[in-house]
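Everything below concerns the one structure shown next.
One-based numbering along the sequence shown.
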Amino acid sequence: MSSLILSSTGNKLILLLGLIFLFSFSEFSCVSTKTVSVTADTSQGITGKLIFKEGNFSTTEELPEEGKIFGIEREIYIYPLTSLKESELAEGDFFKTISTTPLDTILTQQDGTFKLPLEVGKYSLVINEGGRLYSKISPDYYLFPVKVEKNKLTNVVFEVDYMAHYSE
């Protein structure tokens, strides 16, 4: 009798582990992470660079910049076009929550470059910055909006500048 119970418990454990494995790679996962090579054959989507700015910068071209600018490796979340009304600000350009669901993610190269094929449409880009959500807000109150047109690559330069200071 005890071997029958053990066998039944063992089968349930194997079934449970199989289901966990299956769902971790299935379409039910919230976000898929893609590492796309910058040399990938992409004729429609977004391409660009994620740069980090820190230090002192001038808002006029007359004064020299004393800050540093460099490409960074980060995860970029691709959202459907998302407005400020669909999110909750934390401080600066950081967000507590975003009510829309990411469509995809991509990990930039170490130098900040990336290329991602996307369908025609409008998207918002958000950065995972140390476990926090970071994005820039456009003048019309959208989180870093990007438009993808048919058979075109949209070039993007995303500046992460919460460590930068600007003076005139």
Side-chain angles (χ1 to χ4, degrees), residues 29-168:
S29 297
C30 292
V31 176
S32 63
T33 302
K34 292 183 181 178
T35 304
V36 179
S37 168
V38 291
T39 59
D41 183 26
T42 307
S43 60
Q44 177 179 298
I46 58 174
T47 184
K49 190 162 187 171
L50 181 61
I51 60 173
F52 195 86
K53 293 174 79 173
E54 66 180 346
N56 297 317
F57 294 88
S58 171
T59 56
T60 65
E61 293 183 28
E62 296 171 8
L63 297 174
E65 296 179 356
E66 296 177 9
K68 297 178 190 174
I69 300 174
F70 49 93
I72 54 173
E73 180 181 330
R74 296 287 191 278
E75 192 172 30
I76 300 176
Y77 298 114
I78 315 305
Y79 283 85
L81 186 62
T82 302
S83 73
L84 189 56
K85 292 179 184 179
E86 299 169 290
S87 58
E88 183 181 353
L89 276 171
E91 70 283 341
D93 293 323
F94 287 96
F95 293 84
K96 288 182 183 177
T97 59
I98 299 174
S99 65
T100 57
T101 303
L103 302 170
D104 209 345
T105 65
I106 184 170
L107 182 64
T108 65
Q109 301 293 313
Q110 286 184 336
D111 67 353
T113 56
F114 64 93
K115 188 182 259 190
L116 179 68
L118 287 170
E119 297 294 321
V120 171
K122 295 180 181 179
Y123 302 93
S124 286
L125 303 183
V126 178
I127 306 302
N128 178 349
E129 183 61 23
R132 300 188 304 165
L133 300 172
Y134 180 90
S135 190
K136 294 295 195 175
I137 302 168
S138 69
D140 51 352
Y141 303 105
Y142 287 99
L143 279 59
F144 202 104
V146 176
K147 182 178 180 181
V148 174
E149 297 178 359
K150 186 175 175 119
N151 298 322
K152 291 186 179 180
L153 279 172
T154 302
N155 192 35
V156 174
V157 177
F158 194 123
E159 294 182 3
V160 179
D161 67 349
Y162 65 92
M163 296 292 290
H165 306 283
Y166 298 95
S167 61
E168 289 189 38

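Between the side chains of Asp161 and Tyr166, at least one donor-acceptor pair of N or O atoms lies under 3.5 Å.
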* side-chain contact (heavy atoms from CB on, under 4.5 Å) between Ile72 and Gln110, worked out -> CA-CA 6 Å; Ile72 54 173; Gln110 286 184 336; over 6 Å; no
* To do: Evaluate side-chain contact (heavy atoms from CB on, under 4.5 Å) for Leu125 paired with Tyr79, printing each intermediate quantity in order.
  => CA-CA 6 Å; Leu125 303 183; Tyr79 283 85; over 6 Å; no
* Go through Ile46 and Ile78 one step at a time and tell me if the side-chain contact (heavy atoms from CB on, under 4.5 Å) criterion holds. => CA-CA 10 Å; Ile46 58 174; Ile78 315 305; 4.3 Å; yes
* Test log, rule side-chain contact (heavy atoms from CB on, under 4.5 Å), inputs Ile127 and Ser135 -> CA-CA 6 Å; Ile127 306 302; Ser135 190; over 6 Å; no
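Taken from CG in Leu118 to CD1 in Ile106, the straight-line distance is 8.5 Å, to the nearest 0.5 Å. For the atom pair Leu133 CG and Ser87 OG, the distance stands at 9.5 Å (nearest 0.5 Å). Once rounded to the nearest 0.5 Å, the distance linking OG of Ser43 with NZ of Lys115 reads 9.0 Å. The CG atom of Leu116 lies 9.0 Å from the OH atom of Tyr123; values are rounded to the nearest 0.5 Å. Interatomic distance, CG of Leu84 versus CD1 of Ile137, reported as 4.5 Å (0.5 Å rounding).
No side-chain heavy atom of Val160 sits less than 4.5 Å from a side-chain heavy atom of Ile51. At a threshold of 4.5 Å between non-hydrogen side-chain atoms, the residues Pro80 and Leu103 count as touching. Inter-residue side-chain proximity for Leu50 and Glu159 is flagged as unmet; no heavy-atom pair is nearer than 4.5 Å.
Residues Phe158 and Phe144 bring their aromatic ring centres within 6.0 Å.
Within 6.0 Å of OH on Tyr141 lie no more than 12 heavy atoms contributed by other residues, nucleotides or ligands.
Partners of Glu54 by side-chain contact (heavy atoms from CB on, under 4.5 Å), not counting sequence neighbours, listed by chain and number: Phe52, Lys68, Phe70, Met163. Looking at residues two or more places apart in sequence or on another chain, you find a side-chain contact (heavy atoms from CB on, under 4.5 Å) between Glu149 and Lys147, Lys152. With sequence neighbours left out, Lys150 forms a side-chain contact (heavy atoms from CB on, under 4.5 Å) with Gln44, Val120. For Ser99, there are no side chain to side chain donor-acceptor pair (under 3.5 Å) partners, not counting sequence neighbours.
Among all heavy-atom pairs drawn from Glu86 and Leu81, the shortest one is OE1-O, 4.0 Å. Taking both residues in full, the closest heavy atoms of Thr108 and Glu73 are given as OG1-CA, 3.1 Å, listed atom of the first, atom of the second, then distance.
Among pairs with a residue in residues 117-131, those fulfilling salt bridge (charged side-chain N to carboxylate O under 4.0 Å, His left out) read Arg74-Glu129, at least two apart in sequence or across chains.
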Validation: residues 91-98 side-chain donor-acceptor distances under 3.5 Å, sequence neighbours left out:
residue, atom, partner, partner atom, Å
Glu91, OE2, Arg132, NH1, 2.6
Asp93, OD2, Lys136, NZ, 2.8

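Judged purely by atom type and a 3.5 angstrom limit, Thr47 uses its side chain to pair as donor or acceptor with the backbone of Phe114.
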